[in-house]
**Q** 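Quick one: the structure is below, and I'll ask about it shortly.
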Protein chains: 2
Amino acid sequence: MTPQDNRDLFAIADLAREFGISTRAIRFYEAKGLLAPERVGATRVFRRRDRARLILILRGKRLGFSLRDISDYLSLYDANRTQQVSLLIGKVDERLASLETQLEDLQTTISELKEIKKLADDRLDKAG
Amino acid sequence: MTPQDNRDLFAIADLAREFGISTRAIRFYEAKGLLAPERVGATRVFRRRDRARLILILRGKRLGFSLRDISDYLSLYDANRTQQVSLLIGKVDERLASLETQLEDLQTTISELKEIKKLADDRLDKAG
DNA sequence: CAGCCGTTTGACGCTAACGTCAAGCCGTGG
DNA sequence: CCACGGCTTGACGTTAGCGTCAAACGGCTG
């Protein structure tokens with residue numbers, strides 16, 4: 001069992017294993033300011049909050065965003081506790097717009113692929 | 001007026017301008033086999049078909065795919081006229097699965113952002 | 001005490017997707 | 001004729017996002 005038996009503390013390798021990424025990647029995200037685990041001596045110790053951020057990071061990556069974009073995105077969560085609320089709203093609107101474009105692109109692509117598949121399936125049937 | 005007055009032939013700069021990309025990028029896509037314009041002498045001449053492929057390429061990029069992925073994707077369209085139909089079906093299924101995952105990611109993200117925005121808006125109201 | 005793991009910080013390497021010259025060819029207008 | 005804009009290939013530069021050592025430290029375990 002790792003650091004503690006309760007699930008509040010994680011070693012870097014725990015998270016790497018859990019999410020199928022490298023420890024190098026995690027350190028890289030920290031270097032880019034996307035994560036800020038605590039330290040015990042020099043060793044990184046991750047809490048649930050860090051783990052939650054990592055999940056957001058990975059989802060952002062699956063969506064094709066750069067780490068820089070993801071960094072901004074994460075700051076939206078943090079910023080909600082700060083003063084710059086109206087600035088935040090602008091950022092969120094921008095991002096929503098681009099995501100909705102992406103959503104349309106995606107839906108178009110998916111239906112095109114389904115169409116292609118249908119054509120292909122038909123040809124298979126004819127061939128027997 | 002460029003090459004011809006009817007809209008079947010395009011110069012590289014025409015397409016670059018139309019889609020807001022560089023001519024360098026277009027040449028790069030050709031080098032990677034994503035485009036195969038005709039030549040008149042050494043000069044590239046693009047037809048509607050090439051332009052259609054370029055549109056697909058750019059949509060693929062907006063969706064965060066690599067040129068390599070996009071190349072495979074384009075081959076799905078071409079392959080539909082070939083023999084390897086069942087192999088094609090497998091490819092399409094794979095891609096559909098990953099796109100649908102991406103769609104879910106996207107919907108989750110969008111609703112989270114809307115939630116953040118609502119919180120932020122509320123705070124603005126209170127502040128007056 | 002000696003290994004051995006897991007961890008750390010550099011530092012260099014690598015691929016993708018172009019940007020950015022450079023040097024040269026071609027056709028047209030003044 | 002010659003400048004000029006647009007086209008070509010070639011080569012090198014650049015950024016992002018890690019991979020891959022290397023060298024060193026700290027803590028458990030036999």
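Each chain gets a letter, A, B and so on, in the order the sequences are listed, and its residues count up from 1.
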**Q** Answer yes if the side chains of A/Tyr73 and A/Arg68 hold a donor-acceptor pair under 3.5 Å, and no otherwise.
**A** no

**Q** Is B/Glu30 salt-bridged to B/Arg39, going by a charged N under 4.0 Å from an acidic O?
**A** yes

**Q** What range of DNA chain C does chain B touch, first nucleotide to last, counting atoms under 4.0 Å from its heavy atoms?
**A** C/dA17 to C/dT20

**Q** Thinking salt bridges, do B/Asp78 and B/Arg53 make one under a 4.0 Å N-O criterion?
**A** yes

**Q** With a 4.5 Å heavy-atom cut-off, do A/Ile21 and A/Leu54 have their side chains touching?
**A** yes

**Q** Could you check whether B/Ser22 gets within reach of a base, just the sugar-phosphate, or nothing at all, counting any heavy atom under 4.0 Å?
**A** sugar-phosphate

**Q** Go through DNA chain D in 5' to 3' direction and return only the first and the last nucleotide with some atom under 4.0 Å of chain A's heavy atoms.
**A** D/dG17 to D/dT20

**Q** Touch check for B/Arg44, heavy atoms < 4.0 angstrom, all strands: base, sugar-phosphate only, or nothing?
**A** sugar-phosphate

**Q** Axis-to-axis angle across the helix from C/dC1-D/dG30 to C/dG30-D/dC1, five pairs an end, to 10 degrees?
**A** 10°

**Q** When you check the gap from the basic side-chain N to the acidic O, do A/Glu100 and B/Lys114 get nearer than 4.0 Å?
**A** yes

**Q** Just checking, is any N or O donor in the side chain of B/Thr108 or A/Arg59 under 3.5 Å from an acceptor N or O on the other one?
**A** no

**Q** Quick check: on DNA chain C, is the nucleotide nearest A/Val45 upstream (toward 5') of the one nearest B/Lys32, or the reverse? Name the residue that is more 5'.
**A** A/Val45

